A.B. asks: 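This is the structure I want to talk about, given as structure tokens.
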Amino acid sequence: MAADSAREPGPAPETLARLAVDVASDKQASDIQMLDIRQVSSFADFFVVLTVDSARQMNAVVEHLEEALEGAGAERLRREGTSSSGWVVVDFGDLVVHLFGAEEREYYALADAWPGASEVVRIQ
């Protein structure tokens, strides 16, 4: 038997997504959406989409998200984008967190691109 088969399962994706919402809210992000995409996606279970006001705030939110989620047992697979580009995505496997500046959020309209997704949480 492989050593990996004895590993404990990680935290539930929904638990991690709710933690991401809490962290984003604590860091004053706005228009926070938690989307259940299990019915329309095979690569992830949940998206958390949020808006920040500045590159500095984006960096702070990303840092705290990674710290909190990794502390909860999640593994960050990758991070793409930069705060200066107005968009950062942090991939935790079954959870993907998208951080946008206000203009980028409106332009990409990511939540609208998943019409079959269920909105679980929305914090304006």
Side-chain angles (χ1 to χ4, degrees):
M1 215 180 235
D4 287 348
S5 65
R7 257 195 308 189
E8 291 288 321
E14 184 170 0
T15 300
L16 293 175
R18 290 183 182 278
L19 177 57
V21 167
D22 290 344
V23 169
S25 180
D26 288 347
K27 290 294 166 191
Q28 307 301 311
S30 61
D31 197 10
I32 304 166
Q33 285 180 282
M34 178 178 153
L35 302 173
D36 181 340
I37 61 170
R38 290 178 285 194
Q39 299 300 313
V40 294
S41 168
S42 61
F43 69 88
D45 291 345
F46 292 92
F47 276 176
V48 173
V49 183
L50 58 101
T51 303
V52 296
D53 294 328
S54 67
R56 183 177 178 179
Q57 183 186 23
M58 185 175 293
N59 287 333
V61 174
V62 167
E63 179 181 320
H64 284 87
L65 274 170
E66 290 177 346
E67 182 179 299
L69 292 172
E70 288 171 359
E75 178 183 357
R76 185 190 69 156
L77 302 177
R78 72 185 60 89
R79 181 191 326 160
E80 299 288 333
T82 64
S83 58
S84 62
S85 73
W87 169 79
V88 171
V89 62
V90 187
D91 182 353
F92 293 96
D94 290 331
L95 166 65
V96 180
V97 182
H98 298 269
L99 300 92
F100 290 100
E103 289 178 20
E104 292 80 9
R105 172 93 180 249
E106 185 177 334
Y107 178 79
Y108 288 106
L110 181 65
D112 296 338
W114 296 90
S118 301
E119 188 174 78
V120 179
V121 173
R122 181 145 202 181
I123 300 172
Q124 299 282 342

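The structure presented is a predicted model; accordingly, all values stated were derived computationally and were not measured.
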A.B. asks: Could you state the interatomic distance from CZ (Arg105) to CG (Leu50), rounded to the nearest 0.5 Å?
C.D. replies: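 Arg105 atom CZ to Leu50 atom CG measures 7.0 Å (nearest 0.5 Å).
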A.B. asks: Could you tell me how the ring of His98 sits relative to the ring of Phe100: parallel (under 30°), tilted (30 to 60°) or perpendicular (over 60°)?
C.D. replies: parallel
A.B. asks: Kindly work out whether a path of hydrophobic side-chain contacts (I/L/V/M/F/W/Y, heavy atoms less than 4.5 Å apart) joins Met34 to Val62.
C.D. replies: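 Yes, same cluster.
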A.B. asks: Report the C-alpha distance between Leu99 and Val90 in whole Å, list the side-chain angles of each, state the deciding distance to 0.1 Å, and finish with yes or no for side chain to side chain contact (heavy atoms under 4.5 Å, CB included).
C.D. replies: CA-CA 8 Å; Leu99 300 92; Val90 187; 4.3 Å; yes
A.B. asks: Kindly list each side-chain donor-acceptor pair under 3.5 angstrom involving residues 112-119, sequence neighbours excluded, with atom names and distances?
C.D. replies:
unit_1	atom_1	unit_2	atom_2	d
Glu119	OE2	Gln33	NE2	2.7
Glu119	OE2	Arg122	NH1	3.4

A.B. asks: Out of curiosity, Lys27 NZ to Ile32 CD1, how far, rounded to the nearest 0.5 Å?
C.D. replies: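 So the NZ of Lys27 and the CD1 of Ile32 are separated by 12.5 Å.
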A.B. asks: Any idea which heavy atoms bring Val48 and Ala20 closest together, and the distance?
C.D. replies: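 The pair with the smallest heavy-atom distance is CG2-CB, 4.2 Å.
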A.B. asks: Find the distance between CG (Asp91) and CZ (Arg76) and round it off to the nearest 0.5 Å.
C.D. replies: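 Spacing of CG (Asp91) from CZ (Arg76) equals 10.0 Å.
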A.B. asks: Linking I/L/V/M/F/W/Y whenever their side-chain heavy atoms sit closer than 4.5 Å, directly or via other members, would Val61 and Leu95 fall into one cluster?
C.D. replies: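 Shared cluster, yes.
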A.B. asks: If you look at every heavy atom in Ala72 and Pro11, which pair is closest and at what distance?
C.D. replies: O-CG, 3.1 Å
A.B. asks: Determine, using the 4.5 Å side-chain heavy-atom cutoff (strictly less than), whether Trp87 and Val52 are members of one ILVMFWY cluster.
C.D. replies: no
A.B. asks: Supply the atom-to-atom distance Thr51 OG1 to Glu103 CD, rounded to the nearest 0.5 angstrom.
C.D. replies: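 Rounded to the nearest 0.5 Å, the OG1-CD separation comes to 11.5 Å.
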A.B. asks: Compare every heavy atom of Ala44 with every heavy atom of Gly93, then report the nearest pair and how far apart it is.
C.D. replies: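 Shortest heavy-atom separation between Gly93 and Ala44 comes out as O-CB, 3.7 Å.
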A.B. asks: Do Val49 and Leu69 land in one hydrophobic cluster if side-chain heavy atoms of ILVMFWY residues count as linked below 4.5 Å?
C.D. replies: no
A.B. asks: For Ser83 and Asn59, does a side-chain donor sit closer than 3.5 Å to a side-chain acceptor?
C.D. replies: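 Per modelled atom types, Ser83 and Asn59 side chains form a pair under 3.5 Å.
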A.B. asks: Provide the closest heavy-atom pair for Ala68 versus Leu19 in the form atom of the first, atom of the second, distance.
C.D. replies: O-CD2, 3.7 Å
A.B. asks: Give the minimum heavy-atom separation between Asp45 and Pro13, together with the two atoms involved.
C.D. replies: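 Between these two residues, the closest heavy atoms are OD2-CG, 3.5 Å.
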A.B. asks: So, taking the atom named CZ in Arg78 and the one named CZ in Phe92, what distance separates them when rounded to the nearest 0.5 Å?
C.D. replies: 12.0 Å
A.B. asks: Grouping I, L, V, M, F, W and Y whenever their side-chain heavy atoms are under 4.5 Å apart, do Leu65 and Met58 come out in a common cluster?
C.D. replies: yes
A.B. asks: Test Val120 against Arg18 for side chain to side chain contact (heavy atoms under 4.5 Å, CB included), laying out the working first.
C.D. replies: CA-CA 9 Å; Val120 179; Arg18 290 183 182 278; 3.3 Å; yes
A.B. asks: Taking atom CD of Glu14 and atom CG of Asp36, what is their separation to the nearest 0.5 Å?
C.D. replies: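 So the CD of Glu14 and the CG of Asp36 are separated by 7.0 Å.
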